[in-house]
Amino acid sequence: MPSHPDAMLTQFREMSLFASLPPTILQQLAERCLVRWYQPGQVVFQKNDPGASMYIIISGTVLIHDGEFEVVSLRESDYFGELSLLDEGLRSLSATCTQPAELAIISKSLFFEVLGPYPDVFQKIVGSLTERLRIQTENMINQLRNREKELTQLVEERTVELHLQIEQAEREKREAEYQRQRAEQSERLEQQFLANMSHEIRTPMNAVLGMTNLLMRKKPREDQTDYLMSIQKASESLLVILNDILDISKIQAGRLDLETVDFSLEESVQHICRTLDFIAHSKGLNLSADIGSELPPVVKGDPLRLQQILMNLVGNGIKFTEKGSVQIGVKPIKDEGDTVLVRFDVTDTGIGMSENALQFVFDKFRQASSETSRKFGGTGLGLSIARQLVELFGGSLEVTSIPDQGSNFFFTVPFLKSSRQTTDKKTEDPSDALQHLKGLRILLAEDNEYNRIVAEETLGYLLPDAQISTAENGRKALELLEKQIFDVVLMDVSMPELDGLEATRMLRSLNSPNRNVPVIAFTAYAAAREQKQCLDAGMNCCITKPFRETDLAAGLLKVLRPHDKITEPSEPEAQLHASPFPFIHQLSRGDVEKIKKYLGLYLESAEKTQHAINVSTELNDIRRAVHAIKPQFKMIDMPELANLASDIENTILDNADTDALPDLLLSLNQHIQSTMDKVKNYLSHI
């Protein structure tokens with residue numbers, strides 16, 4: 001309840017502000033003022049509110065503040081808001097009750113009405129209010145100064161703390177960058193090792209395949225034909241494995257996808273036995289397969305990847321077994337309607353492994369011991385690749401082993417059942433199948449002169465009566481497509497002015513007979529992501545540069561005769577005579593003039609790239625030059641330079657680690673010069 005006027009009158013008399021007021025005036029103020037109760041946290045008035053009243057605290061407490069900044073806390077008999085009695089304007093501070101409070105409110109109109117007849121008294125009140133305001137202002141200024149000192153000190157402390165945090169963050173960033181570079185360097189060294197190893201093994205394997213193919217053409221005896229076919233199949237399987245070794249980083253990064261085709265588990269296992277039987281027989285070992293009769297005749301999956309797993313496991317079993325046998329076991333262990341869970345076992349009677357060796361048997365580049373490595377050789381990659389491939393199949397590769405008694409590697413894989421009962425093996429070689437294509441009108445869009453000449457001559461060999469038109473970029477290709485009719489377009493993906501992807505998109509939107517012409521992409525990228533980009537742009541299939549005759553033939557047949565059953569392109573035949581540039585020799589079929597021509601074009605392209613690296617100030621110019629020469633590095637059998645060029649290209653595209661770019665360009669420049677010297681020396685001797 002509000003206070004009684006008599007009680008308020010008593011409180012007013014005790015206030016220094018009203019000490020000089022006559023009792024009658026005090027009586028009027030006490031009787032006519034407004035009394036109001038406020039709850040804790042309730043706002044009396046806000047900053048910037050218009051002021052027209054003075055407040056007297058009868059009981060409770062009120063905080064005068066500016067936002068979170070506290071100016072003063074007032075109690076009983078204190079008053080505030082008095083400035084509004086002198087000048088009605090916006091309030092400069094806020095007032096909020098911190099406890100239940102009873103306030104007497106004297107409005108400006110009441111104040112003037114009661115004190116107006118007493119000018120002397122009014123003047124004294126105004127003087128008191130003015131003096132109080134001066135004192136409050138000085139106190140506020142002092143508080144603000146103290147607050148400023150506190151804030152300044154706090155800012156200085158926070159600044160020092162922030163500097164320390166920044167220094168710590170910089171140290172951590174430098175350490176993280178160092179560790180990242182070490183990891184990338186380690187990965188590059190690993191990939192370089194894999195590339196070099198694959199390249200060194202691929203060259204003699206190409207020779208084995210080439211000589212085998214030559215012998216097959218000389219009408220060998222029936223028994224010799226069986227041997228040659230075994231050599232051929234073994235070589236092809238080994239080349240598949242070599243290709244997969246290079247894909248180990250893709251497996252780890254999750255970028256390698258399994259195929260799903262119909263195949264026979266029994267035929268795949270028997271193929272492994274036929275391939276490795278000669279090696280096992282030469283060591284006096286018995287290689288056999290126990291294939292469960294309950295297996296479905298045909299399943300859906302990836303036969304090449306499965307054969308790679310088994311090739312690794314069986315090959316290891318033969319390698320580490322001196323006497324006895326190696327056996328492959330295949331049996332269904334669970335039938336789930338549309339799928340069947342199949343268990344594979346590869347058991348040998350070899351040297352076995354200790355419990356300690358089993359802990360890292362699947363690690364890359366690791367073997368049971370240094371003695372094992374010296375005696376049996378190998379890279380230590382086979383089991384690591386096999387395990388990762390099994391995991392891609394959805395299984396887990398495990399092993400049990402006893403020293404001097406043998407080992408058993410086993411895994412289970414789920415396969416979808418196929419509705420087919422047999423697999424159709426009747427296929428046709430792509431080069432032979434091209435004989436069905438006569439008088440083709442082909443448009444070749446390729447900006448690189450070297451690649452354009454190679455493609456033209458390869459097409460001329462495969463299709464002697466073909467009509468071949470060329471374009472140096474996507475824009476010129478579109479101009480020709482608007483004027484002439486073509487049966488197929490070979491389109492490079494990366495070209496100046498208008499690249500192959502955009503040119504294909506525009507082609508598909510043209511109102512012309514060529515709108516739906518098949519487009520084959522030429523790309524230096526083999527990754528699935530880039531190939532998907534080509535297909536999304538409207539292209540029909542992709543050929544990776546550098547291509548082989550069989551690659552090009554298979555691509556043409558895929559888009560022009562899609563219903564033909566064509567064998568997968570095999571590796572190119574190697575030359576009978578050693579050459580530092582086997583791919584060039586294979587491509588030119590040993591024609592010396594063509595070899596000189598191709599290598600001469602490489603020298604021209606290399607000089608242009610060196611000029612761009614040494615002179616160009618625009619990173620995009622350098623990137624285009626590096627991209628243009630990248631396929632030619634593969635042509636001269638320098639895949640490691642192609643990888644280095646890809647690193648530079650990706651660094652520029654991603655704006656990543658530009659500090660390392662000068663070193664990468666310097667390394668590429670030096671390698672280009674080395675290859676140019678090698679090419680010039682070779683040309684001087686042929």
Side-chain angles (χ1 to χ4, degrees), residues 209 213 216-217 232 236 239-240 243 259-263 302-304 423-446 451-470 477 481 484-493 500 504 507-508 513-526 528 530-532 534-573 583 586-587 589 631:
L209 269 174
N213 290 334
M216 292 283 285
R217 294 172 184 172
Q232 188 179 54
E236 291 171 350
L239 286 176
V240 170
N243 288 332
E259 290 186 347
T260 302
V261 298
D262 290 331
F263 74 101
D302 193 326
L304 287 179
T423 55
D424 187 359
K425 296 183 180 179
K426 295 181 179 180
T427 58
E428 190 174 7
D429 183 84
S431 299
D432 296 335
L434 282 178
Q435 297 176 4
H436 303 302
L437 302 175
K438 300 294 183 180
L440 283 182
R441 295 162 294 184
I442 302 173
L443 173 59
L444 170 63
E446 168 65 68
N451 293 333
R452 194 165 57 248
I453 291 174
V454 170
E456 274 192 273
E457 295 192 356
T458 304
L459 286 169
Y461 171 77
L462 292 172
L463 300 163
D465 60 346
Q467 304 172 34
I468 303 172
S469 301
T470 61
L481 286 164
Q484 303 178 36
I485 301 298
F486 292 97
D487 298 306
V488 65
V489 178
L490 305 178
M491 184 84 75
D492 183 33
V493 170
T504 303
L507 169 63
R508 297 310 185 202
N514 286 319
R515 178 177 181 176
N516 296 316
V517 65
V519 177
I520 299 175
F522 277 157
T523 175
Y525 299 100
E530 283 74 23
Q531 295 194 19
K532 183 177 184 300
C534 295
L535 298 178
D536 290 343
M539 296 175 166
N540 300 85
C541 75
C542 299
I543 296 177
T544 304
K545 295 187 292 186
F547 60 83
R548 302 165 295 175
E549 290 178 6
T550 48
D551 293 330
L552 184 55
L556 289 168
L557 291 168
K558 183 176 182 179
V559 299
L560 295 173
R561 296 175 65 90
H563 300 295
D564 287 0
K565 291 184 172 64
I566 306 299
T567 56
E568 290 293 324
S570 60
E571 291 294 319
E573 295 181 6
F583 193 97
Q586 188 274 334
L587 189 67
R589 297 181 174 270

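Heavy atoms only: backbone and side chains are in, while hydrogens, waters and symmetry mates are out.
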What are the two closest non-hydrogen atoms of [X] and [Y], and how far apart are they?
{"X": "A537", "Y": "T504", "result": "O-CG2, 3.5 Å"}
{"X": "G460", "Y": "I468", "result": "N-CD1, 4.3 Å"}
{"X": "C541", "Y": "K558", "result": "CB-CD, 4.0 Å"}

Nearest 0.5 Å, please: how far is [atom2] in [Y] from [atom1] in [X]?
{"X": "D487", "Y": "L443", "atom1": "CG", "atom2": "CG", "result": "11.0 Å"}
{"X": "M539", "Y": "L507", "atom1": "CE", "atom2": "CG", "result": "9.5 Å"}
{"X": "I543", "Y": "C534", "atom1": "CD1", "atom2": "SG", "result": "11.5 Å"}
{"X": "R441", "Y": "Q484", "atom1": "CZ", "atom2": "CD", "result": "9.5 Å"}
{"X": "I442", "Y": "L556", "atom1": "CD1", "atom2": "CG", "result": "6.0 Å"}
{"X": "L552", "Y": "L459", "atom1": "CG", "atom2": "CG", "result": "5.0 Å"}

Determine whether a donor-acceptor pair (N or O, by modelled atom type, separation under 3.5 Å) exists between the side chain of [X] and the backbone of [Y].
{"X": "R508", "Y": "R515", "answer": "yes"}
{"X": "R452", "Y": "E446", "answer": "yes"}
{"X": "D465", "Y": "G439", "answer": "yes"}
{"X": "N540", "Y": "V519", "answer": "yes"}
{"X": "N514", "Y": "F486", "answer": "yes"}

### Query
Would you say L304 and E259 make side-chain contact, with heavy atoms under 4.5 Å?
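No. Closest side-chain heavy atoms not under 4.5 Å.
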### Query
Taking side chain as C-beta onward, heavy atoms only, is I485 less than 4.5 Å from V517?
no
